[in-house]
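Below is one structure, written out as structure tokens; the observations come after it.
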Amino acid sequence: MTVAKSKLLPPAEDLTQRAVNSTTGMDLRLSPGVLRRLEEVVNQSRERFVVDLAARLRKLRASTQARTDGQMSDVDLLKLVFEESLQIKGMGGTIGYQVLSLIATTLNDFVTERQTLGRIQFEILQLHIDAMYVVIADRITDNGGILEDQVLSGLRTAVRKFS
Amino acid sequence: MAEKVDFGGVHFLIVDGNALSADLARDLLLTMGAETVFVAHSFDDGIDVLGSDSVDVLLTELHLPPRSGLELIRTVRDGKTRAHKQMPILVMSAMSAKEHVFEARDAGVTEFIAKPYGVEGFYRRMVGIVARPRAFVDSNEYFGPDRRRRQVPFNGPDRRD
């Protein structure tokens, strides 16, 4: 049997030597002042994110209508929903809409590798989109409250049961 | 005296098809003191920047249709760009299921941050990949940071030079 040889290379130190010092720059541990400035950057992006998220949800709603009208195939709709739910998942929690990311995650898991949509599966997909719409329209940030928890739990149960 | 990280001389490249996400990461880096942050919105644009500009740290999304962030990581680790093969690579992705994290790790990624992410996690990882570089493994099947995060006793044969 031939044993594959491998080498352990030392860490590349050139970047570290250039950037790490004892006088200028950021502390290794995040200070409260820098944290505030970084959070301010996120706050300044929030409105642009919300506008973009709303546009994505409108696109999803228009596409489900197109599918109902026979103008869009299941495959095309599923591809679009996969793409948009992934983006919404990534964006929501970043600007404080954790519940939006959680719903988008459930939806993304639901459509991943799915090729067709039965009546119930299509309704589950629409329910996710409607729920995300409400989150954005009512500006429900963080993890929401008891109601959002129940909605999320219901969506997850539906996904488990009808996947 | 306490150590600091000065990002002013570090050149970053962000590759993300989502313009808002890329802009946010760029703005966070600029706030942390970075002065040179390239942004690309596709695999091909990312490759162009890596071919023409000096880049020290790569931040990439995994989802870069029609190509992928994994291809981008492998291209760097294979030495097919001008960038240093051992450059720190941070994946920032909503494709955060365990299998995607393992794929990224096996492609040679330095750190993985799941979207949505918080600013504290972002800061910690950026500081970590610059201030605490990791040893690399160079074998027939893998070139990338040493994937062992814990020191576990091993009694088998030593296969490394």
Side-chain angles (χ1 to χ4, degrees), chain A residues 3-16 18-31 34-42 44-46 48-49 51-53 79 82-83 85-98 100-102 104-105 108-109 112, chain B residues 1-10 17-21 23-24 27-28 30-33 56-57 61 63 65 84 86-88 92-97 114-120 122-124 127-142 145-146 157 159-161:
Chain A
V3 178
K5 282 282 180 191
S6 60
K7 282 186 295 193
L8 192 61
L9 307 176
E13 298 281 359
D14 50 335
L15 181 60
T16 308
R18 258 193 291 144
V20 178
N21 66 84
S22 58
T23 52
T24 63
M26 303 276 134
D27 294 336
L28 296 191
R29 192 178 288 245
L30 180 60
S31 68
V34 175
L35 175 61
R36 267 196 305 277
R37 278 161 49 204
L38 294 175
E39 285 175 340
E40 186 53 34
V41 170
V42 174
Q44 284 167 4
S45 302
R46 184 162 290 140
R48 287 174 64 209
F49 269 63
V51 169
D52 186 87
L53 287 164
K79 198 173 156 189
F82 175 84
E83 175 67 33
S85 60
L86 191 69
Q87 298 300 333
I88 295 168
K89 173 188 173 185
M91 296 170 73
T94 302
I95 54 157
Y97 286 76
Q98 275 84 355
L100 187 70
S101 283
L102 292 172
T105 301
N108 190 258
D109 292 345
T112 298
Chain B
M1 199 173 284
E3 279 189 325
K4 290 177 178 290
V5 180
D6 187 342
F7 291 109
V10 182
N18 185 315
L20 290 182
S21 291
D23 286 352
L24 178 61
D27 292 347
L28 290 172
L30 293 174
T31 302
M32 287 161 59
D56 300 308
V57 178
E61 170 53 91
H63 186 63
H84 196 301
Q86 285 180 247
M87 81 188 303
M92 307 169 65
S93 184
M95 294 178 73
S96 52
K115 290 180 183 174
Y117 61 85
V119 292
E120 291 176 62
F122 182 82
Y123 183 91
R124 200 168 51 242
V127 167
I129 61 179
V130 172
R132 290 182 284 274
R134 288 161 61 187
F136 263 58
V137 172
D138 184 1
S139 74
N140 292 338
E141 291 150 8
Y142 175 75
D146 190 345
R159 297 191 297 166
R160 297 209 170 97
D161 290 331

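Every chain is numbered from 1 and lettered A, B, ... according to where its sequence line falls, protein lines coming before strand lines. Just so you know, these numbers come straight off a predicted model, no measurement behind them. We use all heavy atoms of the structure for the numbers below, so side chains are in, but hydrogens, waters and symmetry mates are not.
Here Thr94(A) contributes atom OG1 and Met92(B) contributes atom CE; the two are 8.0 Å apart, rounded to the nearest 0.5 Å. The distance from atom CZ of Arg29(A) to atom CD of Glu120(B), rounded to the nearest 0.5 Å, is 11.5 Å. Atom CG in Leu9(A) sits 5.5 Å away from atom CG in Asp138(B) (nearest 0.5 Å). If you take OG1 on Thr31(B) and CZ on Arg36(A), they are separated by 14.0 Å, rounding to the nearest 0.5 Å. In this structure, Leu38(A) CG and Met32(B) CE are separated by 6.5 Å, a value rounded to the nearest 0.5 Å. Distance CG/Leu28(A) to CZ/Arg132(B): 6.0 Å, rounded to 0.5 Å.
Of all heavy-atom pairs spanning Ser96(B) and Lys89(A), the tightest one is OG-NZ, 3.4 Å. Contact between Lys4(B) and Asp27(A) at its shortest, heavy atoms only, is NZ-OD1, 2.7 Å.
Annotation: maximal heavy-atom pairing with chain A below 4.5 Å, among Gly8(B), Pro133(B), Ala97(B), Ser139(B), occurs at Pro133(B). The candidate with the highest count of non-hydrogen atom pairs below 4.5 Å against chain B, out of Glu83(A), Glu40(A), Gln98(A), is Glu83(A). Ranked by non-hydrogen atom pairs under 4.5 Å with chain A, the options Lys115(B), His84(B), Glu61(B), Arg124(B) are led by Lys115(B). When each of Gly25(A), Pro11(A), Pro10(A), Gly92(A) is checked for heavy-atom pairs under 4.5 Å with chain B, Pro11(A) comes out on top. Most heavy-atom pairs under 4.5 Å with chain B, from the set Leu30(A), Asp14(A), Val20(A): that is Leu30(A). Ranked by non-hydrogen atom pairs under 4.5 Å with chain A, the options Ser21(B), Gly118(B), Pro116(B) are led by Pro116(B).
Partners of Phe122(B) by ring pair (Phe, Tyr, Trp, His ring centres under 6.0 Å), not counting sequence neighbours, listed by chain and number: Tyr117(B). By the side chain to side chain donor-acceptor pair (under 3.5 Å) test, Asn18(B) is found to be paired with Gln87(A), residues two or more places apart in sequence or in another chain being considered.
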As a quick check of understanding, evaluate side-chain contact (heavy atoms from CB on, under 4.5 Å) for Asp27(B) and Gln44(A), giving each step before the final call. CA-CA 10 Å; Asp27(B) 292 347; Gln44(A) 284 167 4; over 6 Å; no
Should Leu15(A) and Val57(B) be marked as a side-chain contact (heavy atoms from CB on, under 4.5 Å) after you check the CA-CA gap, both sets of side-chain angles, and the distance that decides it? CA-CA 9 Å; Leu15(A) 181 60; Val57(B) 178; 3.9 Å; yes
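Of the possible polar contacts, none joining the Arg48(A) side chain to the Leu20(B) backbone as a donor-acceptor pair under 3.5 Å is found.
Interface remark: Thr24(A) contributes backbone and side-chain atoms alike to the contact with chain B (heavy atom separation under 4.5 Å). Contacts between Ser45(A) and chain B at a heavy-atom distance below 4.5 Å involve the side chain alone, from C-beta outward. In this structure, the portion of Val34(A) lying under 4.5 Å from any heavy atom of chain B is its side chain and not its backbone. Proximity to chain A involves both the backbone and the side chain of Ala131(B), based on heavy atoms less than 4.5 angstrom apart. Contacts between Ser93(B) and chain A at a heavy-atom distance below 4.5 Å are absent for every atom of the residue. For Pro88(B), the part lying near chain A is the side chain, with the backbone staying farther off; criterion is any non-hydrogen pair under 4.5 Å. For Met87(B), no part sits under 4.5 Å from any heavy atom of chain A, backbone or side chain.
When the shell of 6.0 Å around CZ of Arg46(A) is examined, it contains more than 12 heavy atoms from other residues, nucleotides or ligands.
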